[in-house]
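To keep things clear, I will list the structure first and then write my remarks on it.
Numbers here simply count residues along the sequence, with the first being 1.
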Amino acid sequence: MAPAVALLAGVALAGLLAGGDARAEYGDVVINNYSDKAGMRPVVFPHWFHRIRFRCKVCHADLGFKFKAGGNEINMVKVIDGQFCGACHNGEVAWSIENCNMCHSAKSGTPTQVHESTTNSLVAPAAGEKKQ
């Protein structure tokens with residue numbers, strides 16, 4: 001891994017671990033095919049961060065993600081079984097799935113397929129934080 005990419009990855013991970021919920025930025029994809037129905041907040045998928053580290057084919061060919069937001073039947077059973085996100089988020093390649101809020105960080109009711117700056121409009125405020 002190139003030093004600049006490693007540094008960026010370290011800074012981003014440190015930011016996530018340092019406090020609160022994940023923050024969405026331009027190019028993120030909100031995944032809410034099943035979350036609201038299951039009583040969970042929708043997932044904010046940081047596409048930009050994954051694209052920095054991997055070529056498109058890793059996820060879209062090797063792992064089978066369709067090139068259409070909302071076009072994948074992703075659910076936690078499949079993720080736990082090592083499909084989709086679970087292929088890497090297994091505790092070996094990347095963190096495992098025990099910390100739900102690292103991915104499930106969008107406000108309830110946020111629709112799938114949002115591809116814009118979402119920092120202020122989609123991410124649920126952390127406990128005790130006032131809405132902007």
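A donor-acceptor pair under 3.5 Å is formed between the side chain of Asn32 and the backbone N or O of Thr110. No side-chain donor-acceptor contact under 3.5 Å links His89 to the backbone of Ala94.
Across all non-hydrogen atoms, the minimal contact from Val43 to Ser35 is N-OG, 4.2 Å. Heavy-atom minimum distance, Asp28 versus Pro46: OD1-CA, 3.2 Å. Across every non-hydrogen atom of Gly109 and Pro42, the tightest pair is N-CG, 4.5 Å. Here the closest heavy-atom approach between residue Val93 and residue Cys88 is recorded as CB-O, 3.3 Å.
Leu63 and Phe84 fall within the same hydrophobic cluster, defined by Ile, Leu, Val, Met, Phe, Trp and Tyr side-chain heavy atoms under 4.5 Å apart, directly or through other members.
We find the SG-NE2 distance between Cys56 and His47 to be 6.5 Å, quoted to the nearest 0.5 Å. Atoms OG and CZ, on Ser105 and Arg41 in that order, are 6.0 Å from each other to the nearest 0.5 Å.
Partners of Asp81 according to the salt bridge (charged side-chain N to carboxylate O under 4.0 Å, His left out) rule, which considers only residues two or more places apart in sequence or in another chain, do not exist here. With sequence neighbours left out, Lys37 forms a side-chain contact (heavy atoms from CB on, under 4.5 Å) with no residue at all.
No side-chain heavy atom of Met76 sits under 4.5 Å from any side-chain heavy atom of Tyr34. Proximity of Asn33 to Ile74: side-chain heavy atoms (C-beta onward) are nowhere separated by under 4.5 Å.
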Quiz: residues 64-72 side-chain donor-acceptor pairs under 3.5 angstrom, not counting sequence neighbours:
| residue | atom | partner | partner atom | Å |
| --- | --- | --- | --- | --- |
| Lys66 | NZ | Gly71 | O | 3.3 |
| Asn72 | OD1 | Lys66 | N | 2.8 |

